[in-house]
Amino acid sequence: MASETPSSGTWFGSAEKVGRLRGRIFKWTCLGATVLTLALMLVFLLYVANDAFRPFSADPGWLATMGLTVVVPIALLAGYYYRRDRSAGQVAYTALGLPVLVALASGGLWLLFRHIVSPREWFVLVVSIVVAGGLVVGHSRVRHDAVTERLVVTVLVPLLVVVGIPTVLPGLGQFLYLLPVLPNALFSLILGFVLPVAAIVGWRVRAVRDADRDGAIAAGITVAGGLAGLGLGPLVGIHPTSWFVFAAPIVGALVVYVEHVVRNDKGLSGLAFPVVVVAGVFAGLAVTQLLGFAGPDAWLNMDFLTSAHDTDPSEAGIYPTLVGSVLILLVIVLSAFPVGIGAAIYLEEYATSQGRFGTVMELIQVNIANLAGVPSIVYGVLGLAIFINLIGMGRGTAVVAGFTVGLLILPIVIISTQEAIRAVPDSHRQASYAMGATKWQTVRNVVLPESLAGIFTGTILALGRAIGETAPLLMIGIPATVRIAPDSFLSRTGAMPRQIFSWSTQITTEFRYGVLAAGVVTLLVVLLTMNAAAIVLRNRSQQTQ
Amino acid sequence: MTPTDPSPDRNQRRVATDGGVSTTDDAESTSDPTEADGDSEKLVDVSSSFTVSDDDEDRPQAAETAIETRDLDVYYGDEQALQSVSMEIPEKQVTALIGPSGCGKSTFLRCLNRMNDLIDIANVDGEVRFEGKNIYDEDVDPVALRRKIGMVFQQPNPFPKSIYDNVAFGLEVQDEAVTDETVRRALERAALLEEVDGRLDESGLELSGGQQQRLCIARAIAPDPEVILMDEPASALDPVATSKIEDLIADLSEEYTVIIVTHNMQQAARISDKTAVFLTGGELVEYDDTKDIFENPDNQRVEDYITGKFG
Ligand SMILES: Nc1ncnc2c1ncn2[C@@H]1O[C@H](COP(=O)(O)OP(=O)(O)O)[C@@H](O)[C@H]1O
Ligand SMILES: [Mg+2]
């Protein structure tokens, strides 16, 4: 020590004894990289949004009114939350984001009801599932001790009831179709959708509040919100069935969330945020209409979302490909997720790292990591070779597209699920085993519940990747433009990114700027909402751990 | 059923598990997939003839032997962690295992409920007799064994579930009925009920460290095991919480055989009836009544260790 500081008077460093210059340069360079990335993204987003919405084509009066009724209140509230009540800020963005997210999911569902399963088919399906569930539960009550038998019943009864034996015994659904009276679409949706949603909401509220009455109230509000469509729907020009599909889940989700906020009694004032936003939008629209201010002539509007591609740019829309993308996502969720999550559970919880088998497992692990980096066009070739040429499935169908893109995100799903499972502390597994739990009980009761939020986060992010993939779609023959929405998973379908790509090659400028931008924004909105959901989910699970 | 077990509710519980609902059909070996189902039944069958363990060695204690180890060797890979440990652990008493860190106390404890099976490189040689059966026999299902021998770890490790669900966990996995009453009784016996009454649905992670550890004890005793293993249960706790746990251990020994690892010699002296001293290399150097160990140990190394000359 003494030798390093010969003159004890100057040891405290006034003469730049401790060099910091390199450190500072490094820090500023890193900051520069961060700012550059963000700025590039922001500029791009603004540019596209400007093209898609063309805000400056609106009357200045319209802009001013909207600014006064929407932007100013939002800014004021945000400032208040930031200064006074941070937890209310959190409540505020969840309370606004949750309905948006649910609306998005409902939108997907609505498309399914419109094109794939009719409300009546859905109703029959729900009845079949309820009957099957009832049978399984009843059996386990009556014969509680017969574990093997219960396993067989749990697998076979739902299959028999819902699907039946092909060509021998029809499923319950077929019998239901024989009934002389079957509810029409409206009642099918009330019975098969609104009521189940309300039941789930009520059951959940009842569980957390431990009071039957509160559960009933929650369910009642949800039903009321759904059924309001019968009266209100026609007034505002929305078909009651559409109202059901959107309103019941949104109201239900809000009921659950408001109950949560009220129960924790934290950030209550945040609940005002969505009310202010919605009221502001409506007030602004009413005022501009009254004063005759014209809104912006946006490319991205309701017409764009609900119509098909057209040679006239101002008529062109994205609707059929939106349906196609939803179908493809559904196929991915149903195929790649179970496979990927199952593989991850096996690799993490069951595969040993010892001996020759362990070496094989290690090899597999390394290869999964490599597969995550394989170019997506290669997956396209793979899908073309396997699903179309080898198995003989139809070109350009939602199943093939879903399987191919599912294959592409499979490694990502596996890896992120593995990470989520690995985040479960080993001490919890030890505790479970020490309680005399079997491996299966440990996985089911400890590992999966604790890693579920992480698994969801990872898989939603993977889904976000999937929805924008274009190259594999080119390979498996997704058509460049479609004008009618697919009516099944096996018919030819479009997809949003493919449609966007073909707009970019049109000669008319309006396509390459306006319509293209509107498509990109639609895609981005879907994607960013999903990512936001994943992030919120991750934050919440981090808070509880 | 078991002559040594007078409490009626325990007998009832046995009937329930012996019926084989969970242990036969549901049980999977946690480590060795080749072990057939139904092994547990064998283990339990033997328990009805409790005093099978041979009596040719003389017993200083009046108490029955709960667990007996014979020439227990444990290896982690090539490294030997326990050297030929033989000891008889008396029933319904507190047995303390002390010794410097790394001497194999935890390893020994994990042998008793076969938690070592979960460590791939661990190898166990020798016998551990529990209720007259060598638990390392081929036909013993470690899952069934662990249902009779509960364990509490060094770091409190409650699940991120509600207090209620934490306690109910063991009952659920062992296919026993979960009632409010059983859960509350377990919390009561773990001296925690008073502090958490009325908020059983809160997360177990919101409790303090000492409360978490008592929650883990409640979780371990809820399914009513025979033996409770504790691996330094108080070493992560403050003195007040520690003394609560110590009081609790004394109470528990009225109903359960308690085997506790500790590196705190005062603690061992305070709470245990018998003490085993392990020294470096995994040797059991001396095992005797706690009083004798602390007042006049036979072995010079033990005396050095206890008086703080090393370790
Ligand atoms: N999982 C393991 N893998 C390899 N070696 C281990 C493992 N657990 C313990 N050991 C070794 O066994 C010896 C005894 O450890 P342990 O039983 O934990 O001692 P104690 O509990 O008395 O501190 C130590 O040398 C330790 O390094
Ligand atoms: Mg230890």
Side-chain angles (χ1 to χ4, degrees), chain A residues 140 143-152 154 206-211 263-264 346 349-355 357-359 361 423-454 540-545, chain B residues 17 19-31 33 37 40 110 113-115 117-121 141-161 165-166 168-175 201 203 205-206 216 219-220 222-223 225 228-229 231:
Chain A
S140 72
R143 290 181 52 85
H144 180 256
D145 295 347
V147 177
T148 333
E149 190 181 301
R150 195 187 326 160
L151 196 68
V152 174
T154 313
R206 197 195 79 96
V208 291
R209 292 189 77 97
D210 211 7
R263 180 159 41 87
N264 290 350
Y346 182 81
E349 294 294 318
Y350 291 92
T352 61
S353 56
Q354 296 291 300
F357 194 61
T359 321
M361 282 300 143
V424 176
D426 218 30
S427 66
H428 292 173
R429 293 187 186 86
Q430 299 261 338
S432 172
Y433 289 131
M435 295 303 305
T438 60
K439 185 122 210 164
W440 156 242
Q441 286 171 326
T442 304
V443 169
R444 190 193 57 185
N445 296 332
V446 177
V447 177
L448 284 185
E450 284 182 41
S451 53
L452 209 56
R540 280 199 53 186
S541 73
Q542 273 170 357
Q543 273 166 19
T544 54
Q545 291 203 348
Chain B
T17 29
V21 179
S22 62
T23 44
T24 50
D25 288 294
D26 206 9
E28 273 166 45
S29 162
T30 47
S31 57
D37 286 345
S40 53
R110 284 199 301 265
N113 64 346
R114 289 188 61 173
M115 286 294 278
D117 291 18
L118 303 176
I119 300 171
D120 284 328
I121 56 169
D141 183 349
V143 171
L145 173 74
R146 292 183 200 127
R147 292 178 180 190
K148 311 198 103 205
I149 303 184
M151 189 165 191
V152 177
F153 296 81
Q154 180 168 4
Q155 290 292 332
N157 55 359
F159 299 119
K161 302 172 187 268
D165 288 343
N166 262 289
F169 183 85
L171 298 167
E172 251 158 44
V173 296
Q174 301 188 19
D175 251 8
D201 56 347
S203 167
L205 298 180
E206 276 163 31
C216 292
R219 182 175 67 186
I228 300 173
L229 310 177
D231 192 349

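Worth knowing before you read on, the calculation uses all heavy atoms, side chains too, and leaves out hydrogens, waters and symmetry mates.
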Mind checking whether Val173(B) and Asn445(A) have side chains closer than 4.5 Å, heavy atoms only? yes
Segment of Leu229(B) engaging chain A (4.5 angstrom heavy-atom cut-off): neither
Does Arg146(B) reach the main-chain N or O of Met435(A) with its side chain, forming a donor-acceptor pair under 3.5 Å? no
Largest heavy-atom contact set with chain A, pairs under 4.5 Å, which of Ile121(B), Asn113(B), Asp165(B), Asp120(B): Asp120(B)
Do the non-hydrogen side-chain atoms of Phe153(B) and Ser427(A) ever get within less than 4.5 Å of each other? no
Quick one: does any side-chain atom of Gln430(A) pair with a main-chain N or O of Asn157(B) as donor and acceptor, under 3.5 Å? no
Side-chain heavy atoms of Tyr433(A) within contact of Pro142(B), under 4.5 Å: no
Please report the interatomic distance CG(Asp175(B)) to CD(Gln441(A)), rounded to the nearest 0.5 Å. 7.0 Å
Okay, Thr352(A) and chain B: the region with an atom under 4.5 Å from a heavy atom over there is neither
Crowding at CG, Asp426(A) (>12 non-hydrogen neighbours, <6.0 Å): yes
Top contributor to chain A interface from Glu206(B), Met151(B), Arg219(B), Gln155(B) [non-hydrogen pairs under 4.5 Å]: Arg219(B)
Are the side chain of His428(A) and the backbone N or O of Pro158(B) linked by a donor-acceptor pair below 3.5 Å? yes
